[in-house]
Protein chains: 2
Amino acid sequence: MSESDTREKLLTVAARLFHEQGYAATGISTILREAKVNSGSLYYFFPTKEALLLGVLDQYLDRLEPEVLRPAFEKTNDPIERIFAVLGGYRQMLQMTGCAMGCPIGNLALELSDSYPGVREKLAGLFRAWCDGIQRCLDEAADRLPDHVDRGMLAQFVLTVMEGAMMQARAHRSLDPYDASMAHLKSYFDRLLAGA
Amino acid sequence: MSESDTREKLLTVAARLFHEQGYAATGISTILREAKVNSGSLYYFFPTKEALLLGVLDQYLDRLEPEVLRPAFEKTNDPIERIFAVLGGYRQMLQMTGCAMGCPIGNLALELSDSYPGVREKLAGLFRAWCDGIQRCLDEAADRLPDHVDRGMLAQFVLTVMEGAMMQARAHRSLDPYDASMAHLKSYFDRLLAGA
DNA sequence: GTCTATATATTGATAGAC
DNA sequence: GTCTATCAATATATAGAC
């Protein structure tokens with residue numbers, strides 16, 4: 001196994017465990033066991049557990065465009081439908097995990113925004129990048145939206161609804177709250193687009 | 001100090017620390033030190049750390065009506081304004097903590113929905129109770145809302161937006177995302193109320 | 001870069017006197 | 001109900017040979 005394979009494997013396993021169990025609840029020893037890597041190797045690449053987390057967050061940023069946004073955008077050419085295609089992707093993730101796991105970024109944001117400043121900044125950067133993707137869609141649909149709408153703020157609202165909806169779906173172990181919130185978001189968009 | 005004073009103090013300190021640091025990141029020893037209580041006393045009242053958490057959640061449910069809903073409802077008689085008064089209360093909490101702490105229930109929901117079944121159910125119960133409070137307002141305003149609106153789902157949407165907005169405020173350490181999302185929620189309500 | 005062995009602190013929880 | 005002392009397990013991290 002090449003050097004960077006080990007690094008990648010550690011990032012993959014750590015990302016999965018942080019997502020499944022949370023950061024604090026995931027022990028280094030569990031990561032080592034599941035990645036089949038020894039302690040010395042992990043600490044060769046990542047001096048601390050926090051550094052490993054930062055690596056995981058960097059990886060999420062790298063994968064946002066190719067694995068989250070682009071696949072959804074490819075489903076349709078209508079910019080507003082593209083936004084709801086992204087939201088549909090998260091619904092699929094909920095469905096596949098029985099509404100157990102939620103958004104990996106959102107989970108970490110509420111678990112440890114405060115604890116580590118560097119982590120908080122990276123999480124904020126991830127949210128900003130996600131919103132940028134949504135805003136690109138909104139900008140494309142600018143002529144269909146009322147003039148007074150701040151498209152950056154509207155993108156932020158879309159993220160807000162998505163994260164809140166995933167939280168509710170997870171807490172209730174049901175897609176219903178997610179679908180209900182998506183329906184209202186859709187209704188809001190319909191009204192915005194109609195009353196331009 | 002009377003027996004139940006000790007229990008109350010443990011619940012108060014544990015609630016604060018779980019809110020500030022998260023559940024997994026909060027050690028029993030820290031709770032004992034800050035509550036000035038000895039190990040034996042804690043385990044007399046709560047057989048495990050999880051039981052202590054369940055106690056904290058029970059306390060949150062007890063205090064929802066008197067400390068969250070009623071104070072907000074007393075600020076105005078208009079049922080829709082009452083909803084936004086509740087949301088304003090959370091804004092105040094964000095402001096007082098420099099956007100550091102977020103919603104105690106939401107934080108716990110994303111940290112440990114999956115880990116402990118009993119905990120997840122109590123969290124879901126808390127969310128349901130909160131939504132019930134909002135729905136009472138919506139029911140009062142039923143004649144001003146379009147007939148097709150499911151008021152339970154709309155209450156759920158209000159919670160979704162509130163939780164998502166608190167997450168964003170915390171991640172960005174700024175009230176702006178919270179205010180932006182509240183403005184959009186208000187705009188949605190205005191459109192619903194106008195187009196009844 | 002990887003290996004094994006280990007250090008040190010802290011974790012949640014218990015025992016038994018009072 | 002509260003106290004002190006302590007347990008066994010686990011935590012993150014390190015040392016040093018290979």
Side-chain angles (χ1 to χ4, degrees), chain A residues 1-59 107-108 111-112 114-119 122, chain B residues 1-59 108 111-112 114-120 122:
Chain A
M1 172 163 43
S2 95
E3 8 176 307
S4 70
D5 269 6
T6 301
R7 209 188 111 98
E8 290 302 304
K9 183 178 255 183
L10 283 167
L11 288 174
T12 303
V13 170
R16 176 172 57 76
L17 290 171
F18 292 164
H19 190 192
E20 286 174 4
Q21 313 181 320
Y23 175 75
T26 299
I28 296 272
S29 57
T30 309
I31 296 171
L32 295 174
R33 180 171 10 94
E34 302 214 3
K36 298 192 192 64
V37 166
N38 295 306
S39 166
S41 296
L42 187 151
Y43 284 98
Y44 172 77
F45 292 110
F46 306 101
T48 63
K49 187 184 178 185
E50 184 184 348
L52 176 59
L53 172 62
L54 292 171
V56 167
L57 296 180
D58 283 337
Q59 201 183 44
N107 293 356
L108 291 170
E111 187 191 344
L112 29 82
D114 314 310
S115 320
Y116 317 87
V119 171
K122 271 203 203 299
Chain B
M1 175 161 40
S2 97
E3 7 175 306
S4 70
D5 268 5
T6 300
R7 209 187 111 98
E8 290 301 304
K9 183 179 256 183
L10 283 166
L11 288 173
T12 303
V13 169
R16 177 172 56 79
L17 289 171
F18 291 163
H19 190 192
E20 286 173 1
Q21 313 181 318
Y23 175 74
T26 298
I28 296 272
S29 58
T30 309
I31 296 171
L32 295 174
R33 179 168 15 91
E34 301 214 3
K36 297 193 192 65
V37 167
N38 294 307
S39 166
S41 296
L42 187 153
Y43 283 98
Y44 171 78
F45 292 109
F46 305 101
T48 64
K49 188 185 177 184
E50 185 185 348
L52 176 58
L53 172 62
L54 292 171
V56 167
L57 295 180
D58 284 336
Q59 202 184 43
L108 291 169
E111 187 190 344
L112 26 85
D114 314 309
S115 321
Y116 317 87
V119 171
R120 205 219 86 232
K122 271 203 202 297

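Just so we're clear, the structure is a prediction, and the values are computed from it rather than from any experiment. Letters A, B, ... are given to chains in the order of the sequence lines, protein chains preceding strands, and every chain is numbered from 1.
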Query - Gap between atoms CG and C1', on B/L42 and D/dT4 respectively (whole Å) - result: 15 Å
Report task. Grab the CZ-C1' distance between A/F45 and D/dT14 for me, whole Å please. Result -> 17 Å
Query raised in the report: Is A/T30 touching bases, backbone alone, or none of the nucleic acid, heavy atoms closer than 4.0 Å?
Result: nothing
**Report entry** Where B/T26 and B/K49 come nearest, the two heavy atoms and their spacing
**Finding:** O-NZ, 2.9 Å
Query raised in the report: Starting at the 5' end of DNA chain D and moving along, which residue's nearest nucleotide shows up first, A/T48 or B/S41?
Result: B/S41
Query raised in the report: Judged by atom type as modelled, is there a donor-acceptor pair below 3.5 Å linking the side chain of A/E111 to the main-chain atoms of B/G22?
Result: no
**Report entry** Which nucleotide in C/dG12, D/dA13, C/dT2 has an atom nearest any side-chain atom of A/K49
**Finding:** D/dA13
Report task. Mind calculating the distance between CZ (B/R33) and P (C/dT11) to the nearest angstrom? Result -> 9 Å
Query raised in the report: Taking atom P of D/dA11 as reference, at what distance in whole Å does atom CG of A/L17 sit?
Result: 12 Å
**Report entry** Main-chain N/O of B/R7 paired to B/S4 side chain as donor or acceptor, under 3.5 Å
**Finding:** no
Requested in this report: For the residue pair B/T12 and B/V56, establish whether any side-chain heavy-atom pair is separated by less than 4.5 Å.
Outcome: no
When you compare the protein's N or O atoms with those of nucleotides 14-16 of chain C, which come within less than 3.5 Å of each other, and at what distance?
| unit_1 | atom_1 | unit_2 | atom_2 | d |
| --- | --- | --- | --- | --- |
| C/dT14 | O4 | B/S39 | OG | 2.6 |

Query raised in the report: Between D/dG1 and B/Y44, is there an OP1 or OP2 to side-chain N/O distance shorter than 4.0 Å?
Result: yes
Query - Reported CZ-to-CG distance for the pair B/R120 and B/L112, which is rounded to 0.5 angstrom - result: 12.5 Å
Report task. Using whole Å, report how far CD1 of A/I31 lies from C1' of D/dT10. Result -> 14 Å
Query raised in the report: Does OP1 or OP2 of D/dT12 have a side-chain N or O of A/S29 closer than 4.0 Å?
Result: no
Report task. Output yes when a side-chain donor or acceptor of A/E34 lies under 3.5 Å from a complementary backbone atom of A/V13, and no otherwise. Result -> no
Requested in this report: Quickly work out the A/L32 CG to D/dT12 C1' distance and round it to whole Å.
Outcome: 10 Å
Report summary line: Here the distance between atom P of D/dT12 and atom CG of A/L53, to the nearest Å, is 12 Å
Query raised in the report: Are B/N38 and D/dT2 close enough that a side-chain N or O sits under 4.0 Å from OP1 or OP2?
Result: no
Query - pair B/L54-B/K122: side-chain heavy atoms closer than 4.5 Å - result: yes
**Report entry** Rounded interatomic separation in angstrom, taking NZ from A/K9 and C1' from C/dG1
**Finding:** 15 Å
